[in-house]
Amino acid sequence: MNSKLTPLFPISSLVSLMFASLLNLFCASAQAQQPTLERQQELLHLLRQDCGSCHGMTLKGGLGPALLPEDLEQKPLALINNTILFGRPGTAMPPWQGMLTEQETLWLSQQLKHGTHAQSTEKAEK
């Protein structure tokens with residue numbers, strides 16, 4: 001009897017499937033409807049207040065890591081989005097999927113990755 005287990009799918013097939021899933025996410029994100037301007041302001045407030053309570057009011061880090069563009073530039077957008085949606089088990093990062101839609105978390109992810117939230121924050125504070 002051969003004690004060697006053979007995987008149901010070759011690793012290359014699994015990698016291809018993961019790549020296709022990520023590509024699908026990015027294509028869907030390009031077509032995703034943006035939140036209304038009013039909702040965008042609410043999301044920016046949430047980012048400053050709720051996220052800022054752990055990541056620092058200027059998002060330079062605190063209990064959670066820094067969320068500045070230079071800290072996120074090497075991180076895929078899908079990773080940022082999934083972290084917001086599903087949280088990080090075993091850490092203080094909660095899942096937000098019960099409070100935010102996927103389009104909203106994707107929009108927030110884009111704001112964080114590109115730093116456009118900082119420009120909006122500066123305007124709101126003036």
Side-chain angles (χ1 to χ4, degrees):
M1 180 173 189
N2 187 357
S3 64
K4 208 178 215 186
L5 294 176
T6 306
L8 293 175
F9 297 101
I11 297 293
S12 60
S13 294
L14 292 175
V15 170
S16 296
L17 181 61
M18 288 173 38
F19 179 77
S21 297
L22 285 174
L23 182 61
N24 187 33
L25 174 68
F26 286 118
C27 291
S29 71
Q31 298 171 352
Q33 182 179 355
Q34 290 222 350
T36 65
L37 289 176
E38 181 181 354
R39 184 60 178 153
Q40 288 178 15
Q41 291 305 310
E42 292 170 353
L43 292 170
L44 289 173
H45 179 78
L46 176 112
L47 182 63
R48 286 189 296 272
Q49 299 302 311
D50 291 81
C51 302
S53 66
C54 288
H55 294 277
M57 297 309 284
T58 58
L59 303 181
K60 292 180 181 176
L63 174 64
L67 297 177
L68 300 173
E70 56 268 21
D71 301 302
L72 300 174
E73 68 185 348
Q74 299 299 316
K75 307 228 184 299
L77 190 60
L79 174 68
I80 299 166
N81 190 49
N82 284 342
T83 300
I84 297 170
L85 271 175
F86 306 114
R88 290 276 176 102
T91 72
M93 178 65 191
W96 289 88
Q97 76 183 107
M99 299 174 76
L100 301 173
T101 67
E102 287 188 44
Q103 285 121 347
E104 291 170 340
T105 59
L106 181 61
W107 186 83
L108 278 171
S109 300
Q110 291 166 336
Q111 301 308 299
L112 288 167
K113 181 122 174 121
H114 301 295
T116 50
H117 68 284
Q119 296 161 356
S120 300
T121 302
E122 289 170 5
K123 288 179 186 175
E125 290 175 352
K126 288 182 182 180

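All values below were derived from every heavy atom in this structure, side-chain atoms included, with hydrogens, water molecules and symmetry-related copies excluded. If you're wondering where the values come from, they're calculated on a predicted model, not measured in any experiment. FYI, the numbering just counts along the sequence from 1.
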Is there a donor-acceptor pair closer than 3.5 Å between any side-chain N or O of H55 and the backbone N or O of P65?
yes
Among the clusters formed by ILVMFWY side chains lying less than 4.5 Å apart, do L100 and L59 turn up in the same one?
yes
M57, CE atom: more than 12 neighbouring heavy atoms under 6.0 Å
yes
Using the rule that Ile, Leu, Val, Met, Phe, Trp and Tyr join whenever any side-chain heavy atoms are under 4.5 Å apart, tell me whether L47 and L85 fall into a single cluster.
no
Measuring from atom CG of L77 to atom CD of Q110, what distance do you get when rounded to the nearest 0.5 angstrom?
5.5 Å
Between N81 and S109, the two heavy atoms sitting closest are CA-OG, 3.1 Å
Any non-hydrogen side-chain atom of W107 less than 4.5 Å from a side-chain atom of L44?
yes
Hey, is CZ on R39 packed in by over 12 heavy atoms from elsewhere, all under 6.0 Å?
yes
Taking all heavy atoms of K75 and all of L79, pick out the closest pair and write down the distance.
CD-CD2, 3.9 Å
Give, for atom CG of L68 and atom CD of E73, the distance between the pair rounded to the nearest 0.5 Å.
11.0 Å
Just how far is it from atom CE of M93 to atom CG of L63, taken to the nearest 0.5 Å?
11.0 Å
Treating Ile, Leu, Val, Met, Phe, Trp and Tyr as nodes and any side-chain heavy-atom pair under 4.5 angstrom as an edge, say whether L46 and L112 lie in one connected cluster.
yes
Separation between CD of Q34 and CG of L106, rounded to the nearest 0.5 Å
9.0 Å
Do the non-hydrogen side-chain atoms of W96 and D50 ever get within less than 4.5 Å of each other?
yes
List the atom of P89, the atom of G87, and the distance in Å for their closest heavy-atom pair.
CD-O, 3.9 Å
For K113 and P69, the nearest pair of non-hydrogen atoms, with its separation, is O-CB, 3.6 Å
Do the side chains of M99 and I84 join up, straight or via other hydrophobic residues, at under 4.5 Å, putting them in one cluster?
yes
If we only count heavy atoms from C-beta on, is the P35 to L43 side-chain gap below 4.5 Å?
yes
About how many Å separate CD of Q40 and CG of L108, when rounded to the nearest 0.5 Å?
9.5 Å
Counting heavy atoms not belonging to E38, are there more than 12 under 6.0 Å from its CD?
no
Under the side-chain contact (heavy atoms from CB on, under 4.5 Å) criterion, do L67 and I80 qualify, and how do the steps go?
CA-CA 10 Å; L67 297 177; I80 299 166; over 6 Å; no
